[in-house]
Amino acid sequence: MSGAKGVEIHDIFGASQPLTKLIETAGQAIGEWYKPIGVKRMAKAKTAELQIIGEALGDNIHLPTKYDDGKLTMSTQDFEELAKRTGNRLMYQELRKQQNIESIVELAGAELEKEETVSDEPVDPDWTIRFFNSVEDVSNEEMQKLWGRVLAGEVKRPESFSIRTLEILKNMSQAEAMIFQKLASYCLVTRKDICLSSDTNLLREHGLAYIDILNTEDCGLLQSQSGMVLIMNFKNESSFYIHNKSVLGHISPANEETKRFDLPVYRLTGSGEELYNIIKSSPNNSYFLDFWKHIRKKEKNLKVSVHKIEAFYYDGRAKYFPPDILPPQDDHTEVTS
């Protein structure tokens, strides 16, 4: 950064391990020791530069040429002017790319400020280069936030996001990202899977159209083939639970004859699961309660109760409050915990 004096990392971040690792990771791709303390100052300066260059390009959009005797010619002076405009255009593009990169690094830093420690394992250099090559043209603010959370998540725990996920995200529009954010609020989560009930009628009643499902599949985030089921085998487990980050459905057999329960679903792909874990989506509890009311009414061989989640454990298990919040039905015995 021009004119900047040497600044130690601990002067900027108080020796924060997560942010120190972010600086080192960004430096692998940016090619210099990155100092986020200057990001805002640099962004303001670049905004002024971009405006000046943009105005210059706007004033020189026509190429002076001469057509004579079947030949298109350009004078030396004209060529020099063209070269100057070309240089301005390239500089404008590179400034925009650098500004996009630094904005995303700054957003990743804001995410990591909440963390006290991160994995000591370094981020793979090839992943880092692919990441920064992917984000240099991302200027949309909402997409920058999403990319910032991806970078923060990879710094926190390397191999959280695959190269395939970077490619999918690179090719996604903001509108497609918004559709996935919406779909995520309907997802059902187990200790092994993240999926969506294939009961499209109930989903539609709660505002998720089938076209949203198809669009998410086209992006490579969902598998909507028919025939996929979530198997709950009561021979191996006495009960199962499925949650939506906020509320938990608890399922167990109502009698000894019930050995398993198969729930038809659409599964998120690996990339879909990776992005689900960082996307800002509020669970649709209204849908979730109606979903379990439907299951409890239809599946007489199951005991079903729904509870508010109190906390999650590191191994994926959930701690929940005992009261069953699912309204009782006359044709089914209410389950209490």
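Scope of the values below: all heavy atoms of this structure, side chains included, with no hydrogens, waters or symmetry mates.
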* To do: For the residue pair Tyr320 and His307, categorise the inter-ring angle as parallel (less than 30°), tilted (30 to 60°) or perpendicular (more than 60°).
  => tilted
* Asked: Can you name the closest pair of heavy atoms from Ala152 and Leu112 and give their distance?
  -> O-CD2, 3.7 Å
* To do: Check the surroundings of atom CD in Glu310: do more than 12 heavy atoms from other residues, nucleotides or ligands lie under 6.0 Å from it?
  => yes
* Might you confirm whether atom CD of Glu121 has over 12 heavy atoms from other residues, nucleotides or ligands at distances under 6.0 Å? => yes
* To do: Identify, with sequence neighbours excluded, every residue that meets salt bridge (Lys or Arg N to Asp or Glu O under 4.0 Å) alongside Glu142.
  => Lys145
* Asked: Residues two or more places apart in sequence or in another chain: which of them pass side-chain contact (heavy atoms from CB on, under 4.5 Å) with Asn255?
  -> Glu257, Thr258, Asn301
* Basic-acidic side-chain contact under 4.0 Å: Lys21, Glu24 -> no
* Asked: Would a 4.5 Å heavy-atom cut-off, applied to side chains only, mark Ser134 and Trp147 as touching?
  -> yes
* Asked: In Å, rounded to the nearest 0.5 Å, how long is the span from CD1 of Ile104 to CD of Glu106?
  -> 11.5 Å
* Asked: Does Leu268 belong to the same Ile/Leu/Val/Met/Phe/Trp/Tyr cluster as Tyr210, with side-chain heavy atoms less than 4.5 Å apart forming each link?
  -> yes
* To do: Report the C-alpha separation of Glu115 and Gln17 in whole Å, then their side-chain angles, then the decisive distance to 0.1 Å, and conclude whether the side-chain contact (heavy atoms from CB on, under 4.5 Å) test is met.
  => CA-CA 9 Å; Glu115 306 292 334; Gln17 185 219 2; over 6 Å; no
* Just wondering, more than 12 heavy atoms not from Lys156 lying within 6.0 Å of its NZ? -> no
* To do: Please check if atom CD in Glu116 has more than 12 non-hydrogen atoms from other residues, nucleotides or ligands closer than 6.0 Å.
  => no
* Asked: Backbone N or O of Gly207 within a donor-acceptor pair of the Lys182 side chain at under 3.5 Å?
  -> yes
* Is the side chain of Lys192 donor-acceptor paired with the backbone N or O of Val189 at a distance under 3.5 Å, no angle test? -> no
* What residues, two or more places apart in sequence or in another chain, satisfy side-chain contact (heavy atoms from CB on, under 4.5 Å) together with Pro283? -> Asn244, Lys245, Ser246, Asn285
* Structure fact -> Residues at least two apart in sequence or cross-chain that pass side-chain contact (heavy atoms from CB on, under 4.5 Å) with Asp218, listed by chain then number, are Asn215
* Asked: Can you tell me how far the CZ atom of Phe161 sits from the CD atom of Glu159, to the nearest 0.5 Å?
  -> 12.5 Å
* CA sep, side-chain torsions, deciding dist, call: Leu188, Phe291, side-chain contact (heavy atoms from CB on, under 4.5 Å) -> CA-CA 10 Å; Leu188 310 174; Phe291 168 79; 3.7 Å; yes
* Could you go through the side-chain hydrogen bond (donor to acceptor under 3.5 Å, both in side chains) check for Arg204 and Asn201 one step at a time? => CA-CA 5 Å; Arg204 185 177 62 253; Asn201 291 328; 3.0 Å; yes
* Within a strict 4.5 Å, meaning less than it, do heavy atoms of the Glu217 and Ile213 side chains meet? -> no
* To do: Could you state whether Leu169 and Ile194 fall into the same hydrophobic cluster, counting links through intermediate Ile, Leu, Val, Met, Phe, Trp or Tyr residues with side-chain heavy atoms under 4.5 angstrom apart?
  => yes
* Thr216 side-chain N/O to Leu221 backbone N/O, donor-acceptor pair under 3.5 Å -> no
* Atom NZ of Lys170 and atom CG of Asn133: how far apart are they, to the nearest 0.5 Å? -> 7.0 Å
* To do: List, by chain and then residue number, the residues other than Val229 in its hydrophobic cluster (Ile/Leu/Val/Met/Phe/Trp/Tyr, side-chain heavy atoms under 4.5 Å); write none if there are no others.
  => Ile231
* **Leu90 CG to Leu95 CG distance, which is reported to the nearest 0.5 Å** => 11.0 Å
* Asked: Any donor and acceptor pair, going by atom type alone, linking the side chain of Gln223 with main-chain N or O of Tyr266 inside 3.5 Å?
  -> no
* Less than 4.5 Å apart, any side-chain heavy atom of Glu136 and any of Asn100? -> no
* Would you mind reporting whether Phe234 and Ile251 have side-chain heavy atoms less than 4.5 Å apart? => yes
* Can you label the angle between the His243 ring and the Phe312 ring as parallel, tilted or perpendicular, going by 30° and 60°? => tilted
* Asked: Do you reckon Ile242 sits in the same ILVMFWY cluster as Phe240, going by side-chain contacts under 4.5 Å, direct or chained?
  -> yes
* Verify, without hydrogens or angle tests, whether Gln144 (side chain) and Val138 (backbone) share a donor-acceptor contact under 3.5 angstrom. => yes
* Determine the minimum heavy-atom distance between Val304 and Ile295, stating which atoms define it. => CG2-CG2, 4.2 Å
* For the pair Ser198 (side chain) and Pro264 (backbone), establish whether a donor and an acceptor sit closer than 3.5 Å, ignoring hydrogens and angles. => yes
* With side chains defined as the heavy atoms from C-beta onward, is the minimum distance between Trp127 and Glu154 less than 4.5 Å? -> yes
* Asked: Hey, are the side chains of Gln181 and Lys280 touching, using non-hydrogen atoms and a 4.5 Å cut-off?
  -> yes
* Structure fact -> In this structure, OG of Ser286 is separated from OH of Tyr186 (nearest 0.5 Å) by 9.0 Å
* Asked: For Gly220, does its backbone N or O pair with a side-chain atom of Thr269 as donor and acceptor, under 3.5 Å?
  -> yes
* Is any side-chain N of the basic residue among Glu273 and Arg267 closer than 4.0 Å to the acidic one's carboxylate O? -> no
* Taking the side chain as every heavy atom from C-beta outward, state whether Leu230 and Asp262 have any pair of such atoms under 4.5 Å apart. => no
* Asked: Going only through I, L, V, M, F, W and Y residues with side-chain contacts under 4.5 Å, is there a path from Met178 to Leu196?
  -> no
* Excluding sequence neighbours, so at least two apart, what forms side-chain contact (heavy atoms from CB on, under 4.5 Å) with Ser162? -> Arg164, Thr165, Ser271, Glu274
* Gap separating the CG atom of Leu19 from the OG1 atom of Thr25, nearest 0.5 angstrom -> 11.0 Å
* Shortest non-hydrogen separation from Ala318 to Ile309 and the atoms involved -> CB-CG2, 4.5 Å
* Are Ile179 and Ile278 joined in one hydrophobic group, where the rule is that I, L, V, M, F, W and Y side chains link up if heavy atoms are under 4.5 Å apart? -> no
* Heavy-atom check, side chain of Asp126 versus side chain of Ile163, under 4.5 Å -> no
